[in-house]
Amino acid sequence: KHTETAPFPTYDEVLVCTPNTEEEEVELIVRRALSSDSQNQKIYCLLGAEKLVYKVSKHLESYFFRLLQSSRVPDYRFIIFCSAKAYNSYVITAFDTYKVTIPCCSKTEIQAYLSTHLKVPCGTAPVAQAFEEPYQHNVKFVFSDQAGMGR
């Protein structure tokens with residue numbers, strides 16, 4: 001259900017997949033989604049699941065369906081996002097029967113939603129002030145080739 005007041009997902013609800021994503025990471029989010037604690041209205045997501053390597057994709061499929069059979073959670077919330085262009089992905093093939101095409105919001109609606117949820121409250125977040133931009137947002141992505149080096 002689309003609502004403008006819905007919060008962003010928390011760190012434990014989302015796994016952004018890369019070719020380096022490991023089986024344990026995928027297993028953890030599936031376990032969270034299908035556990036009895038998942039009744040707390042959280043929605044667990046795999047983003048970019050088409051980027052998973054074959055071994056991890058295969059593990060995702062087998063672990064998900066094995067846990068699903070033993071789970072007592074009828075209303076789990078687990079979404080796998082894949083690019084529509086990645087038609088040869090193992091994940092897309094494995095979960096094809098559950099496939100749903102999501103209608104996309106307009107660019108204006110997305111920008112309005114993000115500007116509502118990413119504003120820095122007045123008088124807080126001095127780190128956000130380091131970015132000299134007219135829009136003070138809570139989230140900035142900083143990438144570094146050397147992790148933990150403070151760059």
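All values below were derived from every heavy atom in this structure, side-chain atoms included, with hydrogens, water molecules and symmetry-related copies excluded.
Cluster partners of Leu28 are absent, since no Ile, Leu, Val, Met, Phe, Trp or Tyr has side-chain heavy atoms less than 4.5 Å from it.
Listed by chain and number, the residues in a side chain to side chain contact (heavy atoms under 4.5 Å, CB included) with Thr93 amount to none (sequence neighbours excluded). Residues satisfying the side chain to side chain contact (heavy atoms under 4.5 Å, CB included) test with Glu50, not counting sequence neighbours, are Cys82, Ser83, Ala86, Ser89. Here Lys58 pairs with Tyr54, Glu61, Tyr90 under the side chain to side chain contact (heavy atoms under 4.5 Å, CB included) rule; sequence neighbours left out. In this structure, the side chain to side chain donor-acceptor pair (under 3.5 Å) partners of Glu13, at least two apart in sequence or on a different chain, are Thr10.
Taking the side chain as every heavy atom from C-beta outward, Leu60 and Leu46 approach each other to under 4.5 Å. The shortest side-chain heavy-atom distance between Tyr44 and Leu15 does not fall under the 4.5 Å cut-off. Between Leu34 and Phe64, some side-chain heavy-atom pair lies under the 4.5 Å cut-off.
Remark: Ser62 OG to Glu27 CD distance equals 9.0 Å, nearest 0.5 Å. Between Asn20 atom CG and Leu52 atom CG the span is 10.5 Å, to the nearest 0.5 Å. Atom NZ of Lys85 is separated from atom CD1 of Ile92 by 12.5 Å, given to the nearest 0.5 angstrom. Atom SG in Cys17 sits 8.0 Å away from atom CD1 in Ile29 (nearest 0.5 Å).
Using a 30° and 60° split on the angle between ring planes, Tyr63 and His59 fall in the parallel class, below 30°. The aromatic rings of Phe95 and Phe65 lie parallel to each other, with less than 30° between the two planes, well short of the 60° mark.
Counting all heavy atoms, side chain and backbone alike, Ala33 lies closest to Tyr76 at O-CB, 3.5 Å. Pairing each heavy atom of Val53 with each of Pro19, the nearest pair is CG1-O, 3.4 Å. Taking both residues in full, the closest heavy atoms of Lys42 and Asp12 are given as NZ-OD2, 2.8 Å, listed atom of the first, atom of the second, then distance.
Under the 4.5 Å side-chain contact rule for hydrophobic residues, Ile43 and Tyr11 do not share a cluster.
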